[in-house]
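The structure appears below as structure tokens.
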Amino acid sequence: MSEKQLPILIAGAGPVGLSLALALSRAGIPAEVFEMDAELNTQIRASTFHPKTLEMFKEWGVVDEIIQHGYKVDQLQYWERAPRRLIADFSYASIADDTPYPYRLQCPQHIATRVLKPAVEATATGKVYMGYKLIDFVDHGTHVTARFETANGIVEREGSYIVGADGSHSVVRKQLNIGFKGKTYEDRFLLIGSDLKTEDLLPGAAQVCYIFDPQEWVIILNLPDIVRVVFRMTDDENEEVAMKEENLRARISNFFGKVPDYKIKTTQLYRVHQRVADTFRVGRALLVGDSAHNNNPSGGMGMNSGIHDAANLTEKLVRIWNGESDSILDDYSNERRQYAVESVQLYTDQQYNNMVMSAEEERERRNKSLSGAASDPAKARAYLLRASMLEERI
């Protein structure tokens, strides 16, 4: 088998790894995904798909099915907790002329991956192997060899390149000894998913809203069958105590007041990191998604930027398949790393800073800026284009 016929090996069957495999296989390039778990992940994780990502899904033939499983959000709001008031209300109608998908789709990633996986497997050149844990790989200069641990022993695969889509603790990144500099936010995030309605929590609230408070800010996200409320935990809170059901319910009532009877469907506690790999490429090994960059999830950009990595990398690999030098993979690394640092990281860090501002003068300046942007059509469009990762259309 010639180098050109060897498949692209992809470690990780999350939304980014499967998106990369789908994009490649639809372009006629063989792609093989290897996932360490026997089944696709079912954890509550990212759920926001921005318009630019939906445009990519359209190109890859899966947008209609993913939209069918999601919840369309056409408003984005910012509130102040005390005194409780609406600061800014952005309508996605502002970008209706800029994209065929003028909304933010809320669809849990574990639902999206169950659309992407069969789509990959339906192509002539895409394969997904479950229960294959990457041990290590060798870059031979002309191709790579990867070793996987499976239920039937060690399996070797040859590929033209290997791509780490294997998350924050990426085996690919660690074997390459690539630095992953950044920070971990001191705050912990507590997610409570219930069958409450947004209107039950906050009358007049949109499907997605951010409630500012320097001590205990909150994010409300509507999904098809659940409302997720993300709280900021204080530094002195005990995690085990906080996760008890009576304390979860007390947290909701203390913040929102009296609410109708409800059922808690899911909970999760996590820390947030803001990190970027020193490079996204070493030889025939590349990084995409969380293996390359982590960021505050409050703007819903982490998973999306990873899928955009996949689109950019696919474009480069198609050109290589058509005869160009693989030096253009350095362009992939530089372009996507620059975007992660200069756009995604800055935006999400600002989103976080907006949530936790404590000085009254700062908060008033923030509120005035957001209110002014929402009430001015040109500024509202520019704001939503950036929030939707469509900056180049400004």
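Since the model is a prediction, treat every value here as computed from it, not as a measurement.
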Pairs meeting criterion side-chain hydrogen bond (donor to acceptor under 3.5 Å, both in side chains) with involvement of residues 246-258, two or more places apart: Glu216-Arg251, Glu237-Arg251, Glu245-Arg249

- request: Please list all pairs passing the side-chain hydrogen bond (donor to acceptor under 3.5 Å, both in side chains) test where one or both residues lie in residues 111-123, with sequence neighbours left out.
  value: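 Output for this query lists Ser25-Thr123, Lys117-Glu121.
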
- prompt: For Glu65, what residues pass the side chain to side chain donor-acceptor pair (under 3.5 Å) criterion, not counting sequence neighbours?
  reply: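 Not a single residue meets the side chain to side chain donor-acceptor pair (under 3.5 Å) criterion with Glu65.
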
Looking only at side-chain N and O atoms, does [Y] offer a donor or acceptor that is under 3.5 Å from a partner on [X]?
X      : Y      : result
Asp290 : Ser168 : no
Thr48  : Arg104 : yes
Gln207 : Asp74  : yes
Ser47  : Gln106 : yes
Asp166 : Ser170 : yes
Glu391 : Tyr339 : yes

Can you list the residues that meet the side-chain contact (heavy atoms from CB on, under 4.5 Å) rule with [X], with sequence neighbours excluded?
X      : answer
Arg366 : Glu80, Phe212, Asn354, Met357, Arg363, Leu370
Pro260 : Leu196, Asp200
Thr266 : Ile44, Leu191, Ile226

task: Please check if atom CD in Glu239 has more than 12 non-hydrogen atoms from other residues, nucleotides or ligands closer than 6.0 Å.
output: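 Correct, the count exceeds 12.
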
- request: Apply the test side-chain contact (heavy atoms from CB on, under 4.5 Å) to residues Asn41 and Gln109: give CA-CA distance (whole Å), side-chain angles for both, the deciding distance (0.1 Å), then the verdict.
  value: CA-CA 9 Å; Asn41 198 295; Gln109 72 172 55; 5.5 Å; no

query: When Ile, Leu, Val, Met, Phe, Trp and Tyr are grouped by side-chain heavy atoms lying under 4.5 Å apart, directly or through other members, which residues fall in the same group as Ile135?
result: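 For the cluster that includes Ile135, the remaining residues are Ile154.
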
query: For the residue pair Tyr132 and Phe34, does the interplanar ring angle fall in the parallel (under 30°), tilted (30 to 60°) or perpendicular (over 60°) class?
result: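 Ring orientation, 0 to 90° scale: tilted.
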
query: Is there any ring pair (Phe, Tyr, Trp, His ring centres under 6.0 Å) pair reaching into residues 94-113, and which pairs are they, with sequence neighbours excluded?
result: none

- prompt: With sequence neighbours excluded, what pairs up with Tyr270 under the ring pair (Phe, Tyr, Trp, His ring centres under 6.0 Å) test?
  reply: Phe189

Of Ile95, Leu76, Thr99, the residue whose pairing with Ser388 passes side-chain contact (heavy atoms from CB on, under 4.5 Å): Ile95

Partners meeting salt bridge (Lys or Arg N to Asp or Glu O under 4.0 Å) with [X] (sequence neighbours left out):
X      : result
Asp37  : none
Asp89  : none
Arg336 : Asp309

task: Calculate, to the nearest 0.5 Å, the distance between atoms CD and OG1 belonging to Gln77 and Thr198 respectively.
output: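 Gln77 atom CD to Thr198 atom OG1 measures 9.5 Å (nearest 0.5 Å).
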
